[in-house]
Amino acid sequence: MPEVLPGLSSIPFGVMHLLLGLAMAAMVFRFVAGPTEYDRLSAFECFVITLLSFIALQVLESDKAWVLDFILVMSIVGYLSTVALAQFQGLGELPDPERASEMFGGRAGDDVNRGGDDDISAGDPEDAAAPAQSAEAGDQGGRS
Amino acid sequence: MVHPVLVQSILWIGVFFTVVGALGVFRFGDVYLRIQASSKALTFGFGFIMLGVGLAGDDWRQLGKSLLAVLFMYLTSPLAAQLIAHAALYHMVVTKDEPTMPPDLDALAATAPTTRDTDSRPVPPDAPIPRG
């Protein structure tokens with residue numbers, strides 16, 4: 001990669017790096033002290049985006065254009081990890097229509113997951129176990 | 001390719017929006033507000049920073065890679081934010097200021113269909129509101 005621009009040395013990269021570092025520190029604080037898991041998820045995604053901006057400024061400063069490939073790959077990895085964690089956290093057990101009709105039709109919601117932190121932490125093994133059982137059932141149905 | 005003052009202006013715009021988004025993530029008191037701040041301001045700032053980086057190079061490949069990263073981020077960031085918000089809404093994380101959830105259950109049960117479409121959310125009656 002040849003010299004990028006002769007006037008780029010006048011850009012105060014240190015101030016920009018400092019500001020982006022403060023932004024990443026705020027996101028790390030939100031990741032640590034988030035009240036719910038979804039705060040941590042969103043803080044993780046924000047951290048990835050800000051880190052990519054940081055690396056992009058590093059590209060301009062150090063004149064290494066091949067680092068842009070790492071930015072592309074890291075954006076894909078960050079998006080996929082966010083989607084996987086969101087699926088594992090919240091969307092693991094989608095309610096089936098029978099349960100939903102029970103939920104909406106008159107009965108006072110006896111076996112309804114009422115949410116909250118305790119139920120979220122208690123529901124994680126169920127989230128992990130339910131797709132496995134459905135997958136096994138699907139395999140057996142396919143074989144027979 | 002481009003004058004450095006223009007590159008510096010675009011970079012400062014991107015840094016400004018990134019810092020404002022981080023301030024929103026730091027200060028807002030709710031999951032949905034934080035998702036809103038992150039998914040709009042941070043993506044906008046990332047787009048400006050990558051545009052500045054792409055314009056600074058004397059190579060068309062650098063601009064292409066930067067715009068590809070911006071396009072991918074603009075495509076995927078709302079999807080991730082919507083997934084996180086959907087997961088938080090499914091587990092009844094309420095807003096901080098006023099409990100907008102659960103809504104009026106009697107009016108909901110009066111108009112409830114027998115089969116449930118996938119977009120409506122499960123609403124347990126008289127659930128304790130978890131303060132998120």
Side-chain angles (χ1 to χ4, degrees), chain A residues 1-2 4-8 10-11 16 19-20 22-24 26-27 29-30 35-36 38-39 41-43 45-46 49-50 52-53 56-57 59-60 65 68-69 71-72 75-76 79 82-83 86-87 89-91 94-95 97 100-101 103-106 108-109 112-117 119-120, chain B residues 1 3-4 7-8 11-12 14-15 18-19 21-23 25-26 31 34-35 38 42-43 45-46 49-50 52-53 56-59 61-62 65-66 68-69 72-73 76-77 79-81 83-84 86-88 90-93 108-109 112-116 118 122-125 127-128 130 132:
Chain A
M1 185 73 193
V4 180
L5 269 183
L8 279 182
S10 66
I11 297 179
M16 292 180 184
L19 288 174
L20 289 186
L22 286 177
M24 282 195 284
M27 287 153 197
F29 168 76
R30 184 50 67 196
T36 62
Y38 313 104
D39 290 317
L41 260 178
S42 62
E45 194 200 354
C46 298
I49 295 175
T50 316
L52 292 183
S53 303
L57 286 183
V59 168
L60 265 192
L68 286 171
D69 298 335
I71 292 178
L72 279 170
S75 64
I76 295 172
Y79 168 66
T82 306
V83 167
Q87 291 275 340
Q89 282 294 329
L91 305 177
L94 280 177
S101 66
M103 193 182 300
F104 279 96
V112 171
N113 185 12
R114 288 169 186 271
D117 292 331
D119 287 337
I120 288 174
Chain B
M1 197 177 347
H3 200 269
V7 173
Q8 187 170 354
L11 287 181
W12 275 117
V15 169
T18 305
V19 169
L23 192 64
V25 171
F26 184 70
V31 184
R34 283 175 209 136
I35 288 171
S38 68
L42 279 181
T43 313
F46 178 76
I49 287 179
M50 292 304 286
V53 170
D58 57 348
D59 201 354
R61 284 182 301 167
Q62 189 165 348
K65 282 176 188 175
S66 303
L68 192 62
F72 188 79
M73 190 61 73
T76 57
S77 179
L79 288 175
L83 268 178
I84 297 170
H86 191 275
Y90 182 73
H91 281 288
M92 307 284 164
V93 180
L108 195 65
T114 56
T115 61
R116 178 175 168 273
T118 56
V123 179

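Each chain gets a letter, A, B and so on, in the order the sequences are listed, and its residues count up from 1. Computed over heavy atoms, backbone and side chain alike; hydrogens, waters and symmetry mates excluded. Keep in mind that what you see is a predicted model, and the values were worked out from it rather than measured.
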Q.
Under 4.5 Å from any heavy atom of chain A, what part of Phe72(B) do you find: side chain, backbone, both or neither?
A. side chain
Q: Would you mind checking which part of Leu42(B) comes under 4.5 Å of any heavy atom in chain A, side chain (CB onward), backbone (N, CA, C, O), both or neither?
A: both
Q) Top residue by heavy-atom pair count (under 4.5 Å) with chain B, among Leu57(A), Val83(A), Ile76(A), Thr82(A)? A) Ile76(A)
**Q.** Max heavy-atom pair count under 4.5 Å with chain B, selected residue of Thr50(A), Leu20(A), Leu52(A)
**A.** Leu52(A)
With rounding to the nearest 0.5 angstrom, report the [atom1] to [atom2] distance, [X] to [Y].
| X | Y | atom1 | atom2 | result |
| --- | --- | --- | --- | --- |
| Met16(A) | Thr18(B) | CE | OG1 | 11.0 Å |
| Thr76(B) | Leu79(B) | OG1 | CG | 7.0 Å |
| Met73(B) | Ile49(A) | CE | CD1 | 5.0 Å |
| Leu41(A) | Ile84(B) | CG | CD1 | 5.0 Å |

Q. Any donor and acceptor pair, going by atom type alone, linking the side chain of Arg30(A) with main-chain N or O of Ala43(A) inside 3.5 Å?
A. no
Q: Sort out for me which of Ser77(B), Gly21(B), Ser66(B) touches chain A most, counting heavy-atom pairs under 4.5 Å.
A: Ser77(B)
Q) Of the listed residues (Ile35(B), Leu23(B), Thr43(B), Val15(B)), which shares the most heavy-atom pairs with chain A below a 4.5 Å separation? A) Val15(B)
Q. Is any side-chain heavy atom of Val53(B) less than 4.5 Å from a side-chain heavy atom of Ile71(A)?
A. no
Q) Given that the side chain runs from C-beta out, which part of Leu19(A) has a heavy atom under 4.5 Å from chain B: side chain, backbone, both or neither? A) both
